[in-house]
Amino acid sequence: MLAPFDLESGSVWAHTICFNEVWDRSTQRKYKFLHAKIRDTITEKNKNNIPEAGKFHLADESDVATLEQFFKSQFKWEDGEYDIQILVKDKNEKIILSNASRFTLFESDTSDLKAWVEDYKYGNSIFLPASPKQVGIWVDLAK
């Protein structure tokens, strides 16, 4: 993405960029433990009894409840206006590019993100691909 390239006049280029918070070791350990419990439970159930098409095995309710609580404790994306600054640094930590932007999260964006926990019981967004209703939230950056 950061390699130079040329665009013809009138051409458009877009690229998806994902940003995520870097968790401390304790938070990572907790998440990975919960992730593994749900993955292992569903994998074991599938191994012993493959469900028919359109049906899914469920993770243990207590594990799902713990993961939902973890999600709630980490969730930061409430609706509102946000200002961001993107800094691109070289290997010596020298800033080589800086860009300030704004974006808006609407109530529907926040609701969509919070709804992801509804499919945790199936392992979606834990170890299975996201379900069709777990859409990404796309925000427009503006100066």
Side-chain angles (χ1 to χ4, degrees), residues 1-7 11-143:
M1 181 194 108
L2 300 176
F5 59 93
D6 296 322
L7 288 177
S11 296
V12 176
W13 176 81
H15 191 81
T16 301
I17 302 172
C18 298
F19 296 93
N20 58 294
E21 181 179 11
V22 178
W23 287 334
D24 61 38
R25 184 181 172 107
S26 174
T27 305
Q28 285 183 38
R29 183 181 304 136
K30 183 174 183 179
Y31 172 74
K32 288 182 178 189
F33 174 77
L34 294 169
H35 174 280
K37 283 188 77 171
I38 288 176
R39 178 197 64 220
D40 293 348
T41 298
I42 293 174
T43 299
E44 190 62 30
K45 288 179 179 181
N46 284 334
K47 185 174 20 171
N48 295 327
N49 179 17
I50 297 174
E52 60 186 76
K55 302 288 182 182
F56 305 95
H57 286 299
L58 303 179
D60 293 340
E61 285 184 33
S62 62
D63 294 337
V64 173
T66 303
L67 189 59
E68 286 177 3
Q69 185 57 42
F70 178 83
F71 174 90
K72 290 175 185 175
S73 73
Q74 298 296 316
F75 191 83
K76 296 176 176 64
W77 296 109
E78 298 298 339
D79 55 275
E81 301 289 326
Y82 290 85
D83 294 315
I84 63 169
Q85 184 173 18
I86 300 172
L87 303 175
V88 178
K89 299 178 181 180
D90 66 14
K91 64 182 179 181
N92 297 318
E93 294 294 310
K94 178 183 171 196
I95 297 171
I96 58 174
L97 180 66
S98 172
N99 187 10
S101 298
R102 297 178 50 81
F103 66 92
T104 302
L105 284 182
F106 296 98
E107 292 83 358
S108 60
D109 297 329
T110 298
S111 294
D112 286 346
L113 290 170
K114 288 181 175 179
W116 283 33
V117 298
E118 295 169 10
D119 284 344
Y120 282 179
K121 62 187 169 202
Y122 304 115
N124 288 336
S125 290
I126 307 299
F127 77 100
L128 297 173
S131 74
K133 70 180 187 179
Q134 291 179 333
V135 296
I137 301 302
W138 301 96
V139 297
D140 293 323
L141 298 182
K143 290 192 178 216

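Bear in mind that the values here come from a model prediction, so they are computed numbers and not experimental data.
No donor-acceptor pair closer than 3.5 Å links the side chain of K121 to the backbone N or O of V64. Within the 3.5 Å criterion, the main-chain N or O of E93 finds a donor-acceptor partner in the side chain of D90. For the pair Q28 (side chain) and W23 (backbone), a donor-acceptor distance under 3.5 Å is present. Judged by distance alone, the side chain of T66 and the main-chain N or O of S62 form a donor-acceptor pair under 3.5 Å.
Taken from CG in D24 to CZ in R29, the straight-line distance is 9.5 Å, to the nearest 0.5 Å. With rounding to the nearest 0.5 angstrom, the NZ atom of K32 is 9.5 Å from the CZ atom of R25. The line from CD1 of I84 to OH of Y82 is 12.0 Å long, rounded to the nearest 0.5 Å. Put simply, NE2 on H35 and CG on D40 are 9.5 Å apart, with the number rounded to the nearest 0.5 Å. A distance of 11.0 Å separates CG in L113 from CG in D79, rounded to the nearest 0.5 Å. To the nearest 0.5 Å, the span separating CD on Q74 from CD on Q69 amounts to 10.5 Å.
No more than 12 heavy-atom neighbours from other residues, nucleotides or ligands sit within 6.0 angstrom of CZ on F33. Within 6.0 Å of atom NZ in K76, more than 12 heavy atoms from other residues, nucleotides or ligands are found, so the atom counts as buried in its surroundings. Open room surrounds CD1 on I50; 12 or fewer heavy atoms of other groups in view lie less than 6.0 Å from it. Environment of CD in E61: sparse, with no more than 12 heavy atoms of neighbouring residues, nucleotides or ligands closer than 6.0 Å.
Side-chain contact between W77 and D109 is absent, with no heavy-atom pair separated by less than 4.5 Å. Residues H57 and N49 are in side-chain contact: their nearest non-hydrogen atoms beyond the backbone lie under 4.5 Å apart. For the pair R102/E81, a side-chain contact is recorded, criterion being any heavy-atom separation below 4.5 Å from C-beta on.
Checked against E44 for a side chain to side chain donor-acceptor pair (under 3.5 Å), the options N46, T41, N48 give a single hit: N48.
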Evaluation steps, side chain to side chain donor-acceptor pair (under 3.5 Å), between T110 and E78
CA-CA 6 Å; T110 298; E78 298 298 339; 4.9 Å; no
Verdict with supporting geometry, T27 and F70, side chain to side chain contact (heavy atoms under 4.5 Å, CB included)
CA-CA 9 Å; T27 305; F70 178 83; 3.8 Å; yes
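When all heavy atoms are compared, the tightest approach of I38 to Y120 is CG2-O, 4.1 Å. Shown here for Q85 and S98, the closest heavy-atom pair between the two residues is NE2-OG, 2.9 Å.
Look at E68 and K114 and you find no salt bridge, because none of the NZ, NE, NH1 or NH2 atoms lies under 4.0 Å from a carboxylate O.
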